[in-house]
Trainee: 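After the structure tokens below, expect a handful of questions from me.
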Amino acid sequence: MNIYRHPADRRKWLTIASGVFILVALLGWYGFGWAAPWAPLMTIAALLAGYDIALRAWASLKLRHLSIELLVVVAAIGALFIDNHWESAAVTFLFMLGAWLESRTMSRTRGALKALIDAAPVTATVLRDGETVEVAAHEVAVGETVLVRAGERLPVDGEVIEGTAAVNEASITGEPIPAEKAPGSRVFAGTLAENGLLHLRATGVGADTTLARIISRVEEAQEAKAPVQRMIERFGLWYTPAVFVLAIVSYLVTRNAELALTLLVVSCPGALVISTPVSVIAGIGRAARAGILIKGGEHLENAGRITALALDKTGTLTEGQPRLAEIVALSGATEAEVLLWAGIAETGSNHPLGRPIIEAARKQGPLPTAASLEEIAGMGLIARHDGHDIAVGSHRLFDHLGIAFDAATKDGITRLHKLGHTVVIVARNGEVVGLLGLADMARASARPMIDRLHALGVRRVVMLTGDQRPAAEAIARAVGVDEVHAGMMPDDKLDRIRAMRDEGLHVAMVGDGINDAPALAAADISIAMGASGSDIAIETADIALMTDDLNKIAEAMEIARATLANMRQNLVIAVLTVVGLLFGVYNGSIHMAGGMLVHQASVLIVILNAMRLLRVPKRARAGRAVHGAERVAV
């Protein structure tokens, strides 16, 4: 009873049971020469697989629609009537196998959205009557003061009224570099305070938070996406009624019931029924071997028609982690000295921007420990080492210390900002001695992937990012993106995807974060970076890449195009077989037995043609060999 209530489970177990009976029958016949069990076992296999197909055919009939499932039922019953039990079992089993593989992931997205909601903070620490009280996050009142300590996720949207901290906002903006928050700064629920202590005035609670709105927009976009019918189903809209009309007319004219039944049987060859499912199974299998998870046949079909690609920047085109990209030495200092002094100061701090500086400095040699360290929240560090004062931080620190910038320093800061770098200023004994430019790094596979997409016929490759324009344009120049849209919130990305679709483009969206989920859901096809992406992005997407190699995007589209072509070839084979059999029936050269023999041959041809998709092209093998090239620094 439970299996009956859940169609996906029912189809799985019926398909498995049918396959077991077919295997036993084949083993008995060819392994031991047992002829007696052949017909009963194949009949049971056909009935098991045909049960669900008959249910769907009946449901369509009640809606006055002659579906492709009805053709399968008629073909299976007709085959049983002429004692071709293998044909009946094979047609129903293969059709069920394809249908189950396509439908088995349909319920996963709802579960992912629930997991996202469950992952949000469930409690909050608020100040009430001068005391800290822990309450449920949804019980916080707008305007209340909420305390957030280092390592905690923010339970509400709000405005900082006291304290400073570096807040990782990747869950909302997708950007890896933590944002410095000070009084007056806006913050979002679900983001992570990496250090400091914040006092927030709650402005959005529960369903009114930015995170909750992202979830809502994902659901809305998914509901708005029209399902793509399988090619064989569209073909069956006119073909199925035509076959029945032809059989009825033939009977009325000839009064030959056997001729009418023969027409029904030969007009419903296994090749037609399985032409799409076998190509889909082979295409999905080929993709899975390449580390590409495609969640069903309709997504494979859609990917083959893509004419535009939109990508998130951080974590997709880039590695998603800030690194030291450039050192500018000033006032006679060397680059090695600037990096050493900055590293000495940063070793005493837990600020996230200090990590890439420390990593780079340690490559030069051991880092001494500062004699003393003062951290000025939201500004930077002042360290004392070997009798010298070292200051490392943002321009706000140097305004605070009263250290002026000369023309060379100002020019250096301006140039680094134009490159999209986060600038860290280093001073020694009150004199600026250098600048450090921190930036995300483009993936080595980004430019080859974009070049390959252009060669495939993808007309536009567009970057959609929440980062600032200078950083976005720097990455775009490095990887060859056609179009850049920067400073975008999740709703902006969603609107841009919809605008591209309104232009008549078939749009694929690639992303890796929660902030990309609405746009992923709205695109014609959505692709998530599986190795580094968030669970919500992976579950929302139609295709998930199980590695960070962006060349897999182009490989997925190549597989999709090849599968689409293979499906069309199989349909041509199936239709030509039907046409040839119909002519043979009418001129008296084809009877039921001969027709079934041709059916078997056409089924074998279709399967062998689909099996070609499993071969790995030479270019794909070569691409794997060169994967792992050096990063591109911008």
Side-chain angles (χ1 to χ4, degrees), residues 113-219 314 350-353 375-379 394 396 422 465-468 487-494 513-518 534 536:
L113 291 174
K114 183 179 183 299
L116 175 60
I117 296 170
D118 292 343
V122 295
T123 62
T125 302
V126 298
L127 277 177
R128 291 180 179 173
D129 299 326
E131 296 184 358
T132 58
V133 181
E134 187 172 290
V135 300
H138 66 273
E139 293 178 353
V140 177
V142 173
E144 277 197 298
T145 300
V146 179
L147 274 65
V148 180
R149 302 175 181 85
E152 294 181 348
R153 289 195 176 273
L154 281 63
V156 297
D157 285 1
E159 179 183 341
V160 178
I161 56 177
E162 184 180 337
T164 59
V167 177
N168 188 327
E169 296 184 323
S171 60
I172 299 296
T173 67
E175 298 312 311
I177 298 178
E180 295 291 344
K181 299 298 181 180
S185 300
R186 185 184 177 193
V187 291
F188 306 101
T191 57
L192 176 67
E194 297 200 352
N195 58 19
L197 173 65
L198 295 177
H199 290 229
L200 318 176
R201 182 176 60 82
T203 59
V205 178
D208 291 330
T209 63
T210 301
L211 182 62
R213 285 195 293 272
I214 290 176
I215 296 170
S216 176
R217 295 302 292 272
V218 172
E219 291 175 326
T314 304
N350 63 352
H351 195 284
L353 288 183
E375 184 168 354
I376 302 178
M379 298 184 188
S394 68
R396 293 172 58 197
T422 298
T465 178
D467 205 354
Q468 298 303 308
M488 305 193 85
M489 293 293 284
D491 282 357
D492 300 323
K493 294 184 180 183
L494 175 60
I514 295 170
N515 61 300
D516 300 319
S534 68
I536 182 63

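What you see is a predicted model; the values in this text were computed from it and never measured. Position 1 is the first residue of the sequence, and the numbers go up from there. When reading the values below, keep in mind they use all heavy atoms of this one structure, side chains included, and skip hydrogens, waters and symmetry mates.
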Trainee: Are E162 and T145 close enough, and set up right, to give a side-chain contact (heavy atoms from CB on, under 4.5 Å), and what steps lead you there?
Mentor: CA-CA 10 Å; E162 184 180 337; T145 300; over 6 Å; no

Trainee: Under the criterion side-chain contact (heavy atoms from CB on, under 4.5 Å), I'd like the reasoning laid out for L200 against I161: C-alpha separation, chi angles, the key distance, then a yes or no.
Mentor: CA-CA 6 Å; L200 318 176; I161 56 177; 6.0 Å; no

Trainee: Taking side chain as C-beta onward, heavy atoms only, is V146 less than 4.5 Å from H199?
Mentor: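 Side-chain contact under 4.5 Å: no.
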
Trainee: For the residue pair P183 and T164, what are the closest heavy atoms and their distance?
Mentor: CD-CG2, 4.4 Å

Trainee: Tell me, do V205 and E144 make a side-chain contact under 4.5 Å, heavy atoms counted?
Mentor: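 No. Closest side-chain heavy atoms not under 4.5 Å.
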
Trainee: For E159 and G184, work out which heavy atoms get closest and say how close.
Mentor: OE2-CA, 3.8 Å

Trainee: Working to the nearest 0.5 angstrom, can you tell me the gap between N195 CG and E375 CD?
Mentor: 6.5 Å

Trainee: Could you pull out the closest heavy-atom pair between M379 and R396, with the gap in Å?
Mentor: SD-O, 4.0 Å

Trainee: Any idea which heavy atoms bring A202 and V140 closest together, and the distance?
Mentor: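 So the two residues come closest at CB-CG1, 4.0 Å.
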
Trainee: Under a 3.5 Å distance rule, please check whether N168 uses its side chain to pair with a backbone N or O of P178 as donor and acceptor.
Mentor: no

Trainee: Restricting to non-hydrogen atoms, name the atom on R128 and the atom on V133 that form the minimum distance, rounded to 0.1 Å.
Mentor: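 Looking at all heavy atoms of both residues, the shortest contact is CB-CG2, 4.4 Å.
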
Trainee: Is there a side-chain contact between D157 and D208 (heavy atoms, below 4.5 Å)?
Mentor: no

Trainee: Side chains of L197 and V148: does their closest heavy-atom pair fall under 4.5 Å?
Mentor: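 Counting from C-beta outward, L197 and V148 never come under 4.5 Å.
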
Trainee: Which pair of heavy atoms, one from P490 and one from P518, lies closest together, and at what distance?
Mentor: CB-CG, 4.4 Å

Trainee: How many angstroms lie between atom OG1 of T422 and atom CD of E180, to the nearest 0.5 angstrom?
Mentor: 10.0 Å

